[in-house]
Amino acid sequence: MAKNHVIIFPFMAQGHTLPLLDLAKSLSSHNLRVTVVTTPSNAKSISDSLPPANHPNISLAVIPFPAISGLPEGTENTSQLPSMQEFLLPFLHATKKLQKPFERILAAAAGSDVDRPLCVVSDFFLAWTLDTCRAFDVPRLVFHGMSVCAMALSKSLWCAAPQLVGADGSQPLDVPNMNLPFDLTVGEVPWEIMVNGIGGPENPFVEFMEEVGWADVNSWGVVVNSFEELELSHIPALESFYRDGARAWCLGPLFLCDQAQAARDKSKEAEGLFELSRWLDERVVASGSVMYVSFGTQADVSSAQLDELAHGLEMSGVPFVWVVRAGSWSVPEGLEERIEGRGLILRKWVDQRYVLGHRAVGGFLSHCGWNSMLESISTGVPILAWPMMAEQPFNAKLIVEGLEAGLRIEATGSIDADGVVFKREAICRGVRELMGGAKGRRARDRARALGRVAHRAVGDGGSSRDAMTRLISELREC
Ligand SMILES: O=c1ccn([C@@H]2O[C@H](COP(=O)(O)OP(=O)(O)O[C@H]3O[C@H](CO)[C@@H](O)[C@H](O)[C@H]3O)[C@@H](O)[C@H]2O)c(=O)[nH]1
């Protein structure tokens with residue numbers, strides 16, 4: 001009997017979970033049944049974005065999140081961590097305790113004639129899922145959420161980090177096997193990679209990442225939320241890290257894979273979007289005149305930097321929608337009145353894809369998380385890049401220098417004592433250039449061209465659609 005069941009296990013962080021829910025929808029549109037494994041407090045938002053009436057092929061398996069010392073009680077998602085720096089590692093360790101209940105789910109499915117899984121797709125942080133999959137002879141596909149380029153580069157530089165410690169920051173980097181579309185210096189390698197040199201093998205974060213890395217490269221394959229036309233030249237470099245000929249499967253942009261279904265899901269959310277959509281509609285004097293500002297779900301930005309940003313946006317004179325996460329920050333006095341009718345500051349979750357797809361929106365000031373990059377170029381919106389952590393500096397370089405679909409804010413030097421990297425004047429200049437300057441116009445044209453390619457990739461005969469068909473058939477044969 002043909003295997004028709006896929007088990008997906010996302011890591012509990014929105015930036016990691018959302019693309020895997022899109023993968024679930026895409027698999028379901030290929031007539032596969034999907035089980036998404038999650039924990040109680042994450043289950044609500046997952047089932048809200050996969051309304052059962054619209055997604056009868058997708059179900060949830062809910063397992064309890066372990067209570068461990070060192071983590072605030074009730075924490076089940078990284079968005080609930082008071083500080084990523086302090087609590088991410090204990091959170092990552094807590095997820096290892098999900099192994100036993102996951103084993104029970106896999107045992108039940110693997111022992112059944114109708115439910116035997118074609119594969120498990122699990123986040124790279126959930127390294128221990130590889131052992132469980134091997135125990136039940138089910139292929140594990142790993143998912144990172146990053147681009148092919150950033151993944152290959154991160155793996156290469158992780159190995160090189162011990163030799164880079166102490167090197168001059170301005171030293172150019174030559175990355176073996178990669179034909180990078182941008183220049184890179186030692187000083188631009190993110191801390192999350194350099195820690196492998198600075199911290200040494202005994203550092204607890206390095207130890208954890210080594211475990212994750214081993215399980216990653218020993219997986220059956222890697223699912224990538226990207227499309228071949230964007231990253232074909234980096235695929236061999238990425239695949240060279242994997243064992244036994246494991247392949248990288250570019251199946252994205254995953255959120256575009258089931259547009260008809262997305263539109264039906266959206267109608268459910270329409271009430272929540274009513275205010276925002278009215279505000280945006282009123283701003284369509286000239287299409288593409290509004291700047292959207294958001295820094296994803298993880299970044300911690302200092303209050304002083306948020307003040308600079310608020311003043312920079314005000315000074316620019318450009319209409320904007322800004323989604324702010326920092327609960328403790330207050331808008332500088334009098335600013336909200338001064339920007340009334342021109343700037344909208346929101347302190348809640350908004351559907352970013354909806355905002356980027358609205359014709360009033362013409363630019364995105366972003367931290368360069370990979371989901372945001374894909375969503376922006378897929379909707380033809382150019383990016384003003386403000387990378388903050390993890391692989392975001394690589395994404396910024398790829399988008400700005402490699403693909404020329406964005407611009408950068410001029411850095412005024414290093415971070416000051418208040419955590420300010422960008423001053424209001426530089427932010428204002430960047431916003432004005434992206435929204436009205438010649439460089440901004442060129443970036444917009446490039447973003448629109450890339451958006452057309454992204455849509456073709458997931459359409460009939462497109463590279464991502466074909467890759468999905470091949471992946472399913474190869475999994476059925478193994
Ligand atoms: O109010 C909000 C805030 C976020 N989003 C969505 O949340 C996701 C955010 O993802 P991303 O832009 O990738 O940012 P992060 O949440 O910061 O992502 C983490 O995960 C990414 C994928 O691995 C990495 O590229 C980043 O560096 C890492 O910080 C996107 O789909 C957004 O559309 C909303 O819809 N509404």
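Start at 1 and go down the list; that is how both ligands and their atoms are numbered. Just the heavy atoms: all of them, side chains too, but no hydrogens, waters or symmetry mates, feed the values below. From a predicted model like this one, the values you see are computed outputs, not experimental measurements.
- When each of Phe125, Trp370, Phe143 is tested with His16 by the rule ring-ring contact (aromatic ring centres under 6.0 Å, His included), just one qualifies, namely Phe125.
- Shortest contact from atom 5 (N) of ligand 1 to any protein heavy atom: Trp349 CH2, 3.2 Å.
- Side-chain contact of Asn395 with Glu391: a donor-acceptor pair under 3.5 Å is present, judged by distance alone.
- Annotation: atom 31 (O) of ligand 1 to nearest protein heavy atom, Glu375 OE2, 2.6 Å.
- In this structure, the protein non-hydrogen atom closest to atom 22 (C) of ligand 1 is Gly145 O, 3.3 Å.
- What sits closest to atom 8 (C) of ligand 1 on the protein, heavy atoms only, is Leu18 CD1, 3.8 Å.
- A salt bridge does not link Glu308 with Lys423: none of the charged nitrogens is closer than 4.0 Å to a carboxylate oxygen.
- Across every non-hydrogen atom of Leu434 and Arg444, the tightest pair is O-NH2, 3.1 Å.
- Heavy-atom distances between His367 and ligand 1 reach below 4.0 Å in at least one pair.
- Annotation: atom 19 (C) of ligand 1 to nearest protein heavy atom, Gln298 CG, 4.1 Å.
- Under the 4.0 Å criterion applied to side-chain N and carboxylate O atoms, Arg452 and Glu229 are not assigned as salt-bridge partners.
- The pair Asp216-Arg243 does not count as a salt bridge, with every side-chain nitrogen at least 4.0 angstrom from each carboxylate oxygen.
- Formation of a donor-acceptor pair under 3.5 Å by the Arg408 side chain with backbone atoms of Trp386 is not found in this model.
- The protein heavy atom nearest to atom 12 (O) of ligand 1 is Ser372 OG, 2.5 Å.
- Annotation: atom 13 (O) of ligand 1 to nearest protein heavy atom, Asn371 ND2, 2.9 Å.
- Taking all heavy atoms of Asp123, Val350, Asp351 into account, the minimum distance to atom 36 (N) of ligand 1 is reached by Val350.
- When only non-hydrogen protein atoms are considered, atom 18 (O) of ligand 1 lies nearest to Gly15 CA, 3.9 Å.
- The closest approach between a heavy atom of His144 and any atom of ligand 1 is below 4.0 Å.
- A salt bridge links Glu188 to Lys397: at least one charged side-chain nitrogen sits closer than 4.0 Å to a carboxylate oxygen.
- Relative to atom 24 (C) of ligand 1, the option among Glu391, Met146, Lys348 with the closest non-hydrogen atom is Glu391.
- Within 6.0 Å of atom CZ in Arg359, 12 or fewer heavy atoms from other residues, nucleotides or ligands are found, so the atom counts as exposed in its surroundings.
- Which of Gln392, Glu192, Arg325 comes nearest to atom 28 (C) of ligand 1 through a heavy atom is settled by distance: it is Gln392.
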